[in-house]
2 protein chains.
Amino acid sequence: MSDLIVGEHRCFDGRLLYCEHQSAVTNCRMRFSLYLPPAAAQGPVPLVTWLSGLTCTEENFTAKAGAYKKASELGLAILAPDTSPRGEGVADDEGYDMGQGAGFYVDSTEAPWKPHFQMYSYITRELRELVLQEFPVDSHKLGIFGHSMGGHGALTIYLKNQDIYKSVSAFAPIVSPMNCPWGHKALGGYIGEDREGWRQYDSCELIQALGEGLHRSKILVDQGLADAFLEEQLKPELFEKACAKVGQKLTLRRHEGYDHGYFFIQTFMDDHLAHHAALLG
Amino acid sequence: MSDLIVGEHRCFDGRLLYCEHQSAVTNCRMRFSLYLPPAAAQGPVPLVTWLSGLTCTEENFTAKAGAYKKASELGLAILAPDTSPRGEGVADDEGYDMGQGAGFYVDSTEAPWKPHFQMYSYITRELRELVLQEFPVDSHKLGIFGHSMGGHGALTIYLKNQDIYKSVSAFAPIVSPMNCPWGHKALGGYIGEDREGWRQYDSCELIQALGEGLHRSKILVDQGLADAFLEEQLKPELFEKACAKVGQKLTLRRHEGYDHGYFFIQTFMDDHLAHHAALLG
């Protein structure tokens, strides 16, 4: 099919593909995984893009999320990109929460990040167009979801691109980078210290700016109550308040005993896939 | 509950535990994972032991098999031990197919392996007794299954211990170590060059030695036809013939396009769990 494919595995009668390409936007080789359900052999299928959290690659979701059985049944394709540009010559940071593995789904304007850290444009434009061109995916049936930093990515990308993405959900998202240490470090580094520029990457700010006028799909968010990052970094109550203020429908489920990891994610994965499938039709 | 627990995650309303203990049999620290379904909070549940393949630890199944949703529904506990003794002072080999990560589920009689490589006794006696003592598991409802080297382990352990294990299944098992390079290297090293001693660790030999008299549960085996190890190492046709000869019921399913990895395993995992749940009652 596509000459991007560097690995392929049969899985629940569908095809799990590992792909690699030269990105003109991030200016380096980029990797992603793509699951095509059996229905994709008959024609274009809906696609949901999964954005992973800090330290992840295109592998974490693929190996650990347990998503492909339900995706096969629902006829959903799932795209899981890497979380940042990588390689020699790409800037990095000693912390796990900045640089390679921590692209934060923004377009950087600052040195030394700007030449490669353009993950917002990479996800919403270059990678999306590439996948639509190379694989049997329906461009009118696109959704987006993610975890932690990737939950932030999914919510902000959705709110800014409702013409492109028709459904959104998140696991333990960073709902307001303007109000947590991870966000302060990332946005301060990638976008600079002028906090006005941060608003475009903060889902609480974005939803308030959108106001009450627009039609928006219901948003699904799951959050574990034993999540070690809940109080300092994630703060779902801020998003809950922002949604309530503008009349955005939100299902925010708080789960006793669940932590921040993939065992939490896999527990509620099927619910998220069903949410997207219902909205994408 | 138990002071063996070094990590715990909530998953599908059950408990996924990482445990560690000092083994008297392998003479070193050993790690395993144990999934306890929600039903275990009410009383003892059936337990299936998963034996992993070459290079694996107690983590591979836990992260990649996608087994816990179905295990939660069926009320099955799943024990996933490491594949060998490990650590400084434990013998090793430069190859991936011998030594640490490659215990082959045998009791070694030869230097330098003998002091630690006693995985057969560790699995069937020490670890089983430890888990029965520490966790709510029904000692009369034990099954065993595994992948590749672990499929060999599951079949041989089951055939030699039908008083203990009531159900067995395997993914892409090494059915006859006496007839493949992996087996020749492992048994030659661990048991010595006298091939008479190898028969006790070869499921084709064992099932023929058991003959037609015994009652044995139906065996389930899944094999991918795009598995790179199929012809040289796995040879399921040898087990098929051996079962036919003695009237052992075997469901051997050959799957077009599936390879040797965890995407193959997860595709058929629920069928295996249902097989065990049905036999264990």
Side-chain angles (χ1 to χ4, degrees), chain A residues 7-18 33-38 41 56-57 59-73 78 80 171-172 222-228 230 253-274, chain B residues 7-18 33-38 41 56-57 59-73 78 80 171-172 222-228 230 253-274:
Chain A
E8 172 163 358
H9 306 275
R10 195 166 173 85
C11 186
F12 293 105
D13 286 338
R15 304 172 67 201
L16 177 67
L17 309 174
Y18 287 102
S33 76
L34 176 67
Y35 180 71
L36 292 175
C56 288
T57 70
E59 273 265 19
N60 297 65
F61 177 86
T62 304
K64 296 182 174 178
Y68 300 132
K69 183 175 194 180
K70 193 72 172 181
S72 172
E73 290 168 11
I78 306 180
F171 294 83
D222 278 311
Q223 176 63 55
L225 293 179
D227 185 325
L230 178 55
R253 308 190 299 185
R254 295 174 165 93
H255 302 282
E256 200 73 53
Y258 285 89
D259 62 27
H260 196 64
Y262 269 88
F263 297 111
F264 156 64
I265 293 173
Q266 67 176 245
T267 299
F268 302 104
M269 178 53 62
D270 286 2
D271 293 350
H272 284 245
L273 296 177
Chain B
E8 174 163 357
H9 307 275
R10 194 165 173 86
C11 187
F12 293 105
D13 286 337
R15 304 171 67 202
L16 177 67
L17 310 174
Y18 287 101
S33 75
L34 177 67
Y35 180 70
L36 292 175
C56 290
T57 70
E59 274 265 19
N60 297 66
F61 177 88
T62 304
K64 296 181 174 179
Y68 299 133
K69 182 174 195 183
K70 192 72 171 180
S72 172
E73 289 168 11
I78 305 181
F171 294 83
D222 278 312
Q223 175 63 57
L225 293 179
D227 186 325
L230 179 55
R253 307 190 300 186
R254 293 173 166 94
H255 302 282
E256 201 71 54
Y258 285 90
D259 62 28
H260 197 64
Y262 268 88
F263 297 112
F264 156 64
I265 293 173
Q266 65 176 246
T267 298
F268 303 104
M269 178 53 63
D270 285 3
D271 293 349
H272 284 245
L273 297 176

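Naming convention: chains lettered A, B, ... in sequence-line order (proteins, then strands); numbering from 1 in each chain.
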Minimum heavy-atom distance A:T62-A:Y68, with the two atoms named: CA-OH, 3.4 Å

Between A:S72 and chain B, with a heavy-atom cut-off of 4.5 Å, which part of the residue counts as in contact: side chain, backbone, both or neither? neither

Quick one: salt bridge (charged side-chain N to carboxylate O under 4.0 Å, His left out) pairs with a partner in residues 261-271 of chain B, sequence neighbours left out? A:K69-B:D270, B:R253-B:D271

Close side-chain approach of B:Y18 to B:H9, heavy-atom, < 4.5 Å: yes

Can you check whether A:E256's main-chain N or O pairs, donor with acceptor, with B:R10's side chain at less than 3.5 Å? yes

Looking only at heavy atoms and a cut-off of under 4.5 Å, which of A:K64, A:H255, A:E8 has the most pairs with chain B? A:K64

Taking all atoms of both residues into account, what is the closest heavy-atom pair of A:D227 and A:A172, and its distance? OD2-CB, 3.6 Å

Would you please go through residues 257-266 of chain B and name the residues with a non-hydrogen atom below 4.5 Å from one of chain A, in numerical order? B:G257, B:Y258, B:D259, B:F263, B:F264, B:Q266

Might you point out which heavy atoms bring B:L230 and B:G224 nearest each other, and give the distance in Å? CD2-O, 4.0 Å

For the backbone of A:A67 and the side chain of A:Y35, can you confirm whether one donor and one acceptor N or O come within less than 3.5 Å of each other? no

